[in-house]
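Inspection log for the structure reproduced underneath, given as structure tokens.
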Amino acid sequence: MKIVREAAPDETALDPKHSGYDPKSTPDNCRWDAVRVRIQYIFDHPVTLKQLKERASTDEVIADMSLLRQSRLSVHEVTTKQWDKVMELSATNEEDGDSSPEAESKAKPSPDLSRKRKRAAGSNRKRS
């Protein structure tokens, strides 16, 4: 994912008809923020939190990920080195042991994703 708009007050928290409504939020003091994101890659074999935790015991780059220190956060910064490690994990598909060339090709970014699989900017809420 790529951040396309940094955290800003989440307007759905102010809408009584929305499932994200928060009666304690006001226009001057919204208690929720939303970060707009855009999907850049779709993994056929996602990397699970379990895989990252297991790899962290032997991989300093993975062990240093903020996701493993504060997993309650919904948005985390990932360094280039960390992203490369996540891509490696996805390519080798460690969850079921498949390290075939077919599995590796599925993890690579696809610039020509169909419109059906591409998604417009979504939102990820977090409390401020």
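The residues of the chain are indexed from 1 along the displayed sequence.
- Remark: of the listed residues Arg69, Lys85, Lys81, Arg69 is the sole one forming a salt bridge (charged side-chain N to carboxylate O under 4.0 Å, His left out) with Asp64.
- Cluster membership check: Leu14 does not share its hydrophobic cluster with Tyr21, using side-chain heavy-atom separations under 4.5 Å among Ile, Leu, Val, Met, Phe, Trp and Tyr.
- The NE2 atom of His76 sits 7.5 Å away from the CD atom of Gln70 when rounded to the nearest 0.5 Å.
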Checking Thr79 against Asp84 for the side-chain contact (heavy atoms from CB on, under 4.5 Å) test, could you report, in this order, the C-alpha distance in whole Å, the side-chain angles of both residues, the deciding distance, and whether it holds? CA-CA 9 Å; Thr79 67; Asp84 291 344; over 6 Å; no
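- Closest non-hydrogen pair, Ala34 versus Arg5, comes out as O-NH2, 3.7 Å.
- The shortest distance between side-chain heavy atoms of Arg31 and Asp10 does not fall below 4.5 Å.
- One distance of note links CZ of Arg36 with CD1 of Ile3; it measures 11.5 Å at 0.5 Å rounding.
- Distance check: Leu67 CG to Lys53 NZ gives 8.0 Å after rounding to the nearest 0.5 Å.
- Taken from CZ in Arg55 to CG in Leu68, the straight-line distance is 12.5 Å, to the nearest 0.5 Å.
- Between Asp22 and Thr12, every side-chain heavy-atom pair lies at or beyond the 4.5 Å cut-off.
- Val47 and Val61 sit in two unconnected hydrophobic clusters of ILVMFWY residues. Membership requires side-chain heavy atoms under 4.5 Å apart, directly or through other members.
- Thr92 OG1 to His45 NE2: the interatomic distance, rounded to the nearest 0.5 Å, is 10.5 Å.
- The distance from the CH2 atom of Trp83 to the CE atom of Met65 is 9.0 Å, given to the nearest 0.5 Å.
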